[in-house]
Amino acid sequence: MVKKGDILLSAFFVVIAVVMLVCAFCFRTSGKKAVISVDGKVFGEYLLNDEQTVNISTEKGNNTVVIKDGKVLVKTADCPDGYCVDHVAVDSVGETIVCLPHRVIIEIKE
Amino acid sequence: MAKKTAYFGCLLGLAVICGYVEFLIPFDFGIPGIKLGLANIVAIYLLYKNGFWSALAVNTARVLLCGILFGNAMSIFYSLSGATLALIVMFFIKKAPVFSTVGVSVAGAVAHNVGQLLAATVVIGFTALIYYLPFLIIAAVVTGFLIGLAAGYLIKRVKFTH
């Protein structure tokens, strides 16, 4: 009952997704700073060279961001899903770590 | 009229249970927004058997009920955007005879994830979330395929005696 159109459509989407991934991977450049914004407003800018720990405390919750070895990661967070903590460390321009429940965005810029 | 109420009520209940099962057993691969989309089996069944508006009505009711029972206001917003966009896309894809329920479901699943991502960008902003898109698309194709197969069999075999 699976028709040829179904297979083509599925393959089409998979190809698009793979192309997106390849492009993102090949065109990445090392970032120089991490910009953290909370609720759409800039919270702070941090150079990736400087090892540091940033605590973000809002009424929605807490996130602890650690910058080490030129990479940024979220060490701890008390959000319900914990996607930000699970996220791999980021270091390339455009890469982001998002904590949706806490409205926190960490974006790498040059 | 009473038969209609019973019929749609039955299917709505089924859809809510699907939502509940997904709530109990999180289908998690670390990427936000990934779901099995079990409730879409009901949506596709209704789309084929009763048309767009019935599917839309039951879908909306299902999203609201699931949101009230085990979700929150934000999840209703995301779910509704995704599910409604998915239904509209599925309605048009269904018109092409080259696609079976599988193609319809895959298109719907991709639309659902894109719709949810769009809703999240309203809250958060576009550049931050674009990296999730390829993963969501691949997951949508896989789950959409399976859900489409299930819905296809259901449509063929399940008859409500009116």
Checklist entry - Between B/Val106 and A/Ser10, what is the shortest heavy-atom contact and its length? => result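 So the minimum-distance heavy-atom pair works out to CG2-OG, 3.8 Å.
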Checklist entry - If every non-hydrogen atom of B/Pro97 is compared with every non-hydrogen atom of A/Lys3, which pair is closest and at what distance? => result O-NZ, 3.2 Å
Give a yes or no on whether [X] atom [atom1] has more than 12 heavy-atom contacts from other residues, nucleotides or ligands under 6.0 Å away.
{"X": "B/Tyr20", "atom1": "OH", "answer": "no"}
{"X": "B/Lys49", "atom1": "NZ", "answer": "yes"}
{"X": "A/Lys71", "atom1": "NZ", "answer": "no"}
{"X": "A/Phe12", "atom1": "CZ", "answer": "no"}

Next on the checklist: Less than 4.5 Å apart, side chain to side chain, heavy atoms only: is that true for A/Phe13 and B/Ile138?
Outcome noted: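 Side chain of A/Phe13 against side chain of B/Ile138, heavy atoms only: no contact under 4.5 Å found.
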Checklist entry - Can you find a pair of side-chain heavy atoms, one from A/Lys4 and one from B/Val98, that are under 4.5 Å apart? => result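 No, too far: nothing below the 4.5 Å cut-off.
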Next on the checklist: Has A/Asp6 got a side-chain atom pairing as donor or acceptor with B/Phe99's backbone, closer than 3.5 angstrom?
Outcome noted: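 Checking the backbone N and O of B/Phe99 against the side chain of A/Asp6, no donor-acceptor pair under 3.5 Å is found.
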Checklist outcome for this item: Rounded to the nearest 0.5 Å, the CD1 atom of A/Ile7 sits from the CZ atom of B/Phe145 at a distance of 4.5 Å
Item to check | Structural part of B/Ala107 lying under 4.5 Å from a heavy atom of chain A | outcome: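 Answer is both: backbone and side chain atoms of B/Ala107 are under 4.5 Å from chain A.
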Checklist entry - Quick one: do B/Leu38 and B/Ile155 end up in the same hydrophobic cluster if we chain Ile, Leu, Val, Met, Phe, Trp and Tyr together by side-chain heavy atoms under 4.5 Å apart? => result yes
Item to check | Connected via hydrophobic side-chain network under 4.5 Å: B/Phe70 and B/Ile76 | outcome: no
Checklist entry - Using a cut-off of under 4.5 Å for heavy-atom pairs, which of B/Ile93, B/Val102, B/Ile137 has the most such pairs with chain A? => result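 If we count pairs closer than 4.5 Å to chain A, B/Val102 comes out on top.
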